[in-house]
Novice: 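Here it is, the structure, as structure tokens.
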Amino acid sequence: QEQLVESGGGSVQAGGSLRLSCAVSTSAYNSYCLAWFRQIPGKEREGVAAIFAFGGTTLYADSVKGRFTISRDNAKNTLYLRMNNLKPEDTAMYYCAADYGSRLSRAYGCSTSGEHYRSWGQGIHVTVSS
């Protein structure tokens with residue numbers, strides 16, 4: 001059984017919007033933190049946004065602050081990433097991730113650093129054309 005499954009990607013013109021969804025298994029949803037990452041071929045993975053399980057505190061990469069919003073629906077075990085005012089440089093494969101209460105997260109809090117996370121989705125493409 002896949003623990004995290006992304007959906008909602010696709011192609012959009014610059015300035016447009018998309019909402020990514022991540023269906024999360026119950027065990028993964030009980031994580032301390034959930035997050036979104038992205039990766040462009042040939043470049044390192046980048047943490048985009050993270051959300052704390054208790055209270056909903058959120059973190060964002062500087063490159064997406066004010067444009068992207070991470071949220072979670074506890075009734076549906078679903079993680080979302082609302083992306084507004086998309087730019088061509090947002091083109092990437094996007095992944096959701098769960099930390100399963102990792103030692104790093106418990107010690108230092110939620111983070112957009114990949115080393116905090118133990119489980120990853122398969123990824124979904126987002127293409128933004130100019």
Side-chain angles (χ1 to χ4, degrees):
Q1 179 185 1
E2 294 180 329
Q3 302 298 309
L4 302 108
V5 180
E6 300 93 343
S7 62
S11 297
V12 64
Q13 289 193 326
S17 299
L18 283 173
R19 189 181 76 162
L20 303 183
S21 299
C22 177
V24 185
S25 68
T26 299
S27 59
Y29 201 79
N30 289 330
S31 291
Y32 200 73
C33 307
L34 298 173
W36 288 96
F37 290 78
R38 65 186 182 187
Q39 188 166 23
I40 300 168
K43 293 195 175 183
E44 289 192 1
R45 181 179 57 203
E46 175 190 19
V48 174
I51 186 165
F52 181 48
F54 309 103
T57 300
T58 56
L59 301 171
Y60 295 95
D62 287 342
S63 58
V64 306
K65 276 182 184 176
R67 300 189 298 122
F68 290 13
T69 302
I70 187 172
S71 63
R72 54 193 296 165
D73 185 332
N74 294 334
K76 297 180 178 179
N77 277 20
T78 302
L79 179 70
Y80 299 103
L81 184 68
R82 177 69 181 181
M83 305 184 293
N84 293 329
N85 191 21
L86 283 160
K87 304 176 181 180
E89 52 263 42
D90 294 318
T91 296
M93 182 78 87
Y94 283 73
Y95 302 87
C96 56
D99 73 355
Y100 279 89
S102 71
R103 178 184 57 82
L104 284 174
S105 290
R106 292 187 178 278
Y108 301 108
C110 284
S111 171
T112 53
S113 172
E115 61 184 357
H116 283 233
Y117 296 88
R118 297 179 179 171
S119 184
W120 302 80
Q122 294 296 309
I124 194 161
H125 282 287
V126 171
T127 302
V128 185
S129 57
S130 57

Novice: Given the rule in the side-chain contact (heavy atoms from CB on, under 4.5 Å) test, do Y80 and T69 qualify, once you have shown the distances and angles that lead to the verdict?
Specialist: CA-CA 8 Å; Y80 299 103; T69 302; over 6 Å; no
Novice: Looking at OG1 of T57 and CD1 of I70, how far apart are the two atoms once the value is rounded to the nearest 0.5 Å?
Specialist: 11.5 Å
Novice: Which residue in the set V126, D90, V128 passes side chain to side chain contact (heavy atoms under 4.5 Å, CB included) when paired with M83?
Specialist: V126
Novice: To the nearest 0.5 Å, what is the distance between OG1 (T58) and CZ (R72)?
Specialist: 12.0 Å
Novice: Got a second to check how far L20's CG is from T78's OG1, nearest 0.5 Å?
Specialist: 12.5 Å
Novice: Is NZ or CZ of R67 both nearer than 6.0 Å to the six-membered ring centre of Y60 and within 45° of the ring axis?
Specialist: no
Novice: Over all heavy atoms of both residues, which pair between V48 and F68 is shortest? Give the atoms and the distance, please.
Specialist: CG1-CD2, 3.6 Å
Novice: Determine whether the side chains of S63 and E46 contain a donor N or O and an acceptor N or O closer than 3.5 Å.
Specialist: yes
Novice: Hey, mind stepping through N74 and Y29 against side-chain contact (heavy atoms from CB on, under 4.5 Å) and telling me if it holds?
Specialist: CA-CA 8 Å; N74 294 334; Y29 201 79; 2.6 Å; yes
Novice: Between I124, L81, V5, L79, which is the residue that forms a side chain to side chain contact (heavy atoms under 4.5 Å, CB included) with C22?
Specialist: L79
Novice: For residues 95-117, run the donor-acceptor check on the side chains, cut-off 3.5 Å, and write out each pair with its distance to 0.1 Å, sequence neighbours left out.
Specialist:
{"residue": "D99", "atom": "OD1", "partner": "Y32", "partner atom": "N", "Å": "2.9"}
{"residue": "D99", "atom": "OD1", "partner": "C33", "partner atom": "N", "Å": "3.1"}
{"residue": "D99", "atom": "OD1", "partner": "G101", "partner atom": "N", "Å": "2.8"}
{"residue": "D99", "atom": "OD2", "partner": "C33", "partner atom": "N", "Å": "3.1"}
{"residue": "D99", "atom": "OD2", "partner": "S105", "partner atom": "OG", "Å": "2.7"}
{"residue": "Y100", "atom": "OH", "partner": "Q3", "partner atom": "OE1", "Å": "3.0"}
{"residue": "S102", "atom": "OG", "partner": "S105", "partner atom": "N", "Å": "3.2"}
{"residue": "S102", "atom": "OG", "partner": "S105", "partner atom": "OG", "Å": "3.2"}
{"residue": "S102", "atom": "OG", "partner": "H116", "partner atom": "O", "Å": "2.8"}
{"residue": "S105", "atom": "OG", "partner": "H116", "partner atom": "ND1", "Å": "3.2"}
{"residue": "R106", "atom": "NE", "partner": "G101", "partner atom": "O", "Å": "3.3"}
{"residue": "S111", "atom": "OG", "partner": "S113", "partner atom": "N", "Å": "2.8"}
{"residue": "Y117", "atom": "OH", "partner": "S111", "partner atom": "O", "Å": "2.6"}

Novice: If you round to the nearest 0.5 Å, how far is CD of Q122 from CE of M93?
Specialist: 9.0 Å
Novice: Of the non-hydrogen atoms in L18 and G10, which two are nearest, and what is the gap between them?
Specialist: CD1-O, 4.0 Å
Novice: Please name the pair of heavy atoms, one in A92 and one in I40, separated by the smallest distance, quoted to 0.1 Å.
Specialist: CB-CG1, 3.9 Å
Novice: Does Q13, at its CD atom, have more than 12 non-hydrogen atoms belonging to other residues, nucleotides or ligands within less than 6.0 Å?
Specialist: no
Novice: Locate the shortest heavy-atom distance separating S31 from L34; write the atom from each residue and the value.
Specialist: CB-CD2, 4.1 Å
Novice: Applying the side chain to side chain contact (heavy atoms under 4.5 Å, CB included) test to Y94, which of Q39, H125, R38 qualifies?
Specialist: R38
